[in-house]
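All values reported here derive from a predicted model rather than from experimental measurement. Lettering of chains follows the sequences in order, A, B, ..., and the numbering in each one begins at 1.
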Amino acid sequence: MKNAEVAEILDKMADLLEFKGELPFKINAYRKASRMISELTEDIETLWQEKRLHEIPGVGKGIQGKIDEYLATGTITEFEQLLQEVPQELFELLTIPNFGPKTAALAYKELGVETLEDLKKVLDDGSLAKLPGMGPKKVENIRKGLELKETAGSRISIGIALPIAEQVIDYMNENAGDILDGLSAAGSVRRFRETVHDIDILAATEQGAEVIRIFTEMPRVTRVLGAGETKGSVIIDDRFQVDLRAVPLQSWGAAQQYFTGSKAHNVRLREIAKKSGYKINEYGIFEGEKTLGGRKEDEIYHLLGMEWIPPELREDRGEIEAAQEGKLPKLVQLKDIKADLHVHSKYSDGQLTLRDMALAMQAMGYSYMAFCDHSKSAFYANGLDEKRLLEQVQEIKALNKEFSDFVVLAGTEVDILPDGSLDFDDEILQQLDFVVASIHSAFKTDPTARTIAAMRNPYVDVIGHPTGRLITRRAGFEIDLERIFDVAGETGTALEVNAYWDRLDLSDVNIRQAIERGIKVAINTDSHHLEHLDMMRLGVGTARRGWAEKKDVLNTFSVDQLRKWQKRNRLGA
DNA sequence: GCCGTTTTCGGCCCGACTGTTTTCAGTCG
């Protein structure tokens with residue numbers, strides 16, 4: 001699928017046009033088209049072949065022509081031309097806080113700033129400060145922005161950000177509890193985005209300045225970026241930006257709505273409000289001078305004629321229309337999860353014995369689980385050969401006798417080998433209760449064909465971490481997800497939502513694509529330690545962002561339902 | 001550049017903050 005490629009080019013087009021000082025509305029049009037395409041559940045090449053590009057909201061004649069040219073020739077003439085007219089490192093330069101397109105254009109035109117190095121030079125030699133409209137403070141802010149980019153510039157996984165948000169909330173409740181009327185995460189953390197740029201916390205209080213003071217004086221704060229009556233911004237642990245915003249209690253709901261975003265979702269809501277003669281902002285919803293609501297978040301949605309929308313859906317991906325029609329999905333919840341179907345033990349590279357892990361799972365409230373340790377080719381992870389695997393199966397059988405209302409399944413995470421075969425023969429696989437098949441090596445050796453071959457094995461229940469991406473470290477392998485979805489639909493194989501914080505694979509958009517095709521997903525933590533078990537909520541959050549309902553998620557099934565599902569798929573294959 | 005039960009032309013979300021201004025531009029979310 002070339003959806004991501006096309007979206008990236010259109011977003012870069014927007015950057016180029018912005019740098020050139022084009023009309024903001026034109027720039028916005030490119031940004032919107034880029035976003036709609038990146039979140040498309042259909043393959044853009046299919047739409048193109050079927051001459052249906054115009055059905056994408058935000059894609060009109062002009063942008064359609066660009067996409068057409070790209071898919072036909074692999075390049076866009078106008079894009080290539082624009083690239084010639086701008087600094088070499090434009091896209092990099094534009095990521096510097098406080099250094100926007102106007103300033104970048106000025107620095108390029110007047111001083112020839114093309115790279116980060118050039119920018120550092122003109123900051124240091126004072127030539128930037130001499131330009132019209134620039135002054136000592138602006139220059140200082142750009143310098144700080146550059147530093148910030150180097151220390152806290154990159155996006156961080158939700159798996160890292162969420163615990164930090166919770167620690168800040170705990171700290172504030174302990175140290176400012178008596179002047180707080182409410183405190184919660186907002187922004188992309190509340191929406192469970194897979195990565196976040198900063199951590200937003202919202203406070204309800206009548207004493208904003210005091211709350212902000214306590215916030216900026218937290219022990220972990222290594223730098224204060226700003227502090228006022230309603231807003232404080234800090235860096236903690238030299239790495240993570242945390243913003244706290246304070247509002248009075250009567251604006252709590254409106255502020256929650258406003259600061260949770262996303263921006264695209266909010267823009268749509270404000271358009272709808274405007275058409276209905278209302279105005280919404282962070283303080284409430286208004287008709288003329290009259291305040292109609294704002295203390296509770298659902299008031300905003302109800303007054304605009306729609307259901308309250310769960311934060312995970314707020315991306316302008318159709319959730320507003322669904323809410324207007326009363327057709328929002330009934331999203332899967334953490335309490336629906338009955339099992340974790342992919343965890344490791346001491347047999348391979350996990351830290352816990354079978355018994356200790358099973359007890360921990362039971363304590364999580366699950367009713368069953370599956371051990372899926374690595375297979376023999378995963379030597380780096382102490383993978384099990386046939387003999388040790390069958391020993392493990394025996395130990396699991398014995399272990400089950402210790403539990404009355406909890407079932408331990410014996411499984412494997414069998415390697416999909418470079419030639420597409422599996423690391424265990426069918427004779428072994430058929431003795432197991434549950435089989436996850438994953439690619440762990442030779443990423444460049446036709447992962448699509450290998451995954452398809454694995455799905456065609458009747459004993460394979462789930463494909464583990466299907467795209468192989470690592471959120472902070474590598475893109476997934478080159479895999480044709482359209483074909484994977486086709487075959488998964490045919491064989492009834494489920495696809496894993498690996499909840500491990502650095503994977504979150506499938507991504508939210510991919511999950512939505514899968515379930516629209518009737519494919520089941522399994523949300524698994526891939527845990528090796530006790531502390532990993534908690535990541536289930538990351539997987540559930542990601543699945544919710546992918547519009548997954550309970551029926552779409554394999555591990556919301558009871559163990560009996562799971563066995564029926566397996567039997568049907570194994571016979572059908 | 002997109003879009004249309006107000007419009008095929010003239011709109012296109014809203015506000016805070018900052019710094020450089022003498023009335024506003026740029027950046028951010």
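- Within 4.0 Å of A/Pro24, counting heavy atoms only, lies no atom of the nucleic acid at all.
- Under the Watson-Crick or G-U wobble criterion, with both distances below 3.5 Å, B/dT8 has no partner in any strand shown.
- Residue A/Asn141 is classed as a sugar-phosphate contact, given heavy-atom separations below 4.0 Å to backbone atoms only.
- Across the C1' atoms, B/dG15 and B/dT8 are found 33 Å apart, a figure rounded to whole Å.
- A/Ala548 and A/Ile511 make their closest contact through CB-CG2, 4.4 Å (heavy atoms, listed as atom of the first residue, atom of the second, distance).
- Nearest heavy atom pair, residue A/Glu307 against residue A/Lys327, reads OE2-N, 3.4 Å.
- If you check every strand for non-hydrogen atoms under 4.0 Å, A/Glu282 touches sugar and phosphate atoms only.
- If you take atom P in B/dT21 and the same atom in B/dT27, they sit 15 Å apart, rounded to whole Å.
- Remark on DNA chain B: of its neighbouring residues A/Val59 and A/Asn266, the 5'-side contact belongs to A/Val59, judged by nearest-heavy-atom nucleotide.
- The two residues A/His54 and A/Lys51 come nearest to each other via the heavy atoms CE1-O, 3.4 Å.
- At the phosphate of B/dC14, neither OP1 nor OP2 sits under 4.0 Å from any side-chain N or O atom of A/Lys263.
- Distance from the side chain of A/Lys26 is smallest for B/dG1 among the nucleotides B/dT20, B/dG1, B/dC14.
- Residue A/Lys274 places at least one side-chain N or O closer than 4.0 Å to OP1 or OP2 of B/dC14.
- For the pair A/Gln256 CD and B/dG29 P, the interatomic distance rounds to 20 Å; values are reported in whole Å.
- Backbone-only contact: A/Tyr283 has heavy atoms under 4.0 Å from sugar-phosphate atoms and none from a base.
- With P as the reference atom, B/dG26 and B/dT20 are 14 Å apart, rounded to whole Å.
- Within the structure, every side-chain polar atom (N or O) of A/Lys275 is placed at least 4.0 Å from both OP1 and OP2 of B/dT5.
- With B/dG1, B/dA16, B/dG26 as the candidates, the nucleotide lying closest to the side chain of A/Lys102 is B/dG26.
- Atom-to-atom, CG of A/Leu131 to C1' of B/dT21 comes out at 17 Å; the value is rounded to the nearest Å.
- Atom CG in A/Asn98 sits about 13 Å away from atom C1' in B/dG29, given to the nearest Å.
- The number of heavy atoms from other shown groups lying within 6.0 Å of CD (A/Glu478) does not exceed 12.
- Backbone-only engagement by A/Pro136 is indicated by non-hydrogen atom pairs under 4.0 Å involving sugar-phosphate atoms exclusively.
- Nearest nucleotide to the side chain of A/Thr230, out of B/dC17, B/dT20, B/dG15: B/dC17.
- A/Arg191 places its CZ atom 11 Å from the C1' atom of B/dG29, with the value rounded to the nearest Å.
- Between B/dG29, B/dG19, B/dC28, one nucleotide has an atom nearer to the side chain of A/Lys138 than all others, and that is B/dG19.
- Residue contacts shown for A/Ile96 are limited to sugar-phosphate atoms, with no base heavy atom under 4.0 Å away.
- Side-chain proximity of A/Ala29 to the nucleotides B/dG15, B/dC2, B/dC28 is greatest for B/dC2.
- Taking atom P on both B/dC14 and B/dC9, the two are 26 Å apart, rounded to the nearest angstrom.
- Closest approach to the A/Phe25 side chain among B/dC13, B/dC12, B/dT27 is made by B/dC12 (side chain taken as heavy atoms from C-beta onward).
- A/Glu299 and A/Gly294 make their closest contact through OE1-N, 2.7 Å (heavy atoms, listed as atom of the first residue, atom of the second, distance).
- Between the side chain of A/Tyr258 and the base of B/dG29, a donor-acceptor pair under 3.5 Å is found.
- Straight-line distance from the CD atom of A/Gln257 to the C1' atom of B/dG29: 13 Å, rounded to whole Å.
- Comparing B/dG11 with B/dC17, their P atoms are spaced 30 Å from each other, to the whole Å.
- For NZ of A/Lys137, the number of neighbouring non-hydrogen atoms (other residues, nucleotides, ligands) closer than 6.0 Å is 12 at most.
- One interatomic measurement links the two molecules: CG of A/Asp11 to C1' of B/dG1, which rounds to 15 Å at whole-angstrom precision.
- Side-chain nitrogen and oxygen atoms of A/Tyr278 include none within less than 4.0 Å of the OP1 or OP2 phosphate oxygen of B/dC13.
- One C1' atom belongs to B/dC12, the other to B/dT6, and the distance between them is 15 Å to the nearest Å.
- For the pair A/Lys149 NZ and B/dC28 P, the computed distance is 12 Å after rounding to whole Å.
- In this structure, the CD1 atom of A/Ile272 is 14 Å from the P atom of B/dG4, given to the nearest Å.
- For an aromatic pair to be called close, the ring centres must be under 6.0 Å apart, and A/Tyr108 with A/Phe19 satisfies this.
- Within 4.0 Å (heavy atoms only), A/Lys231 reaches no atom of the nucleic acid at all.
- At B/dG15, one or more side-chain N or O atoms of A/Asn281 fall inside 4.0 Å of OP1 or OP2 (strictly under the cut-off).
- Taking the side chain of A/Lys137 as heavy atoms from C-beta on, and the options B/dT20, B/dC14, B/dG15, the nearest nucleotide is B/dT20.
- Between A/His532 and A/Tyr500, the ring planes are perpendicular. Angles over 60° get that label, and only those under 30° would be called parallel.
- A gap of 14 Å separates the P atoms of B/dG4 and B/dC13, to the nearest Å.
- Where A/Asp198 and A/Glu78 meet DNA chain B, the nucleotide closest to each residue was compared, and A/Glu78 sits on the side nearer the 5' end.
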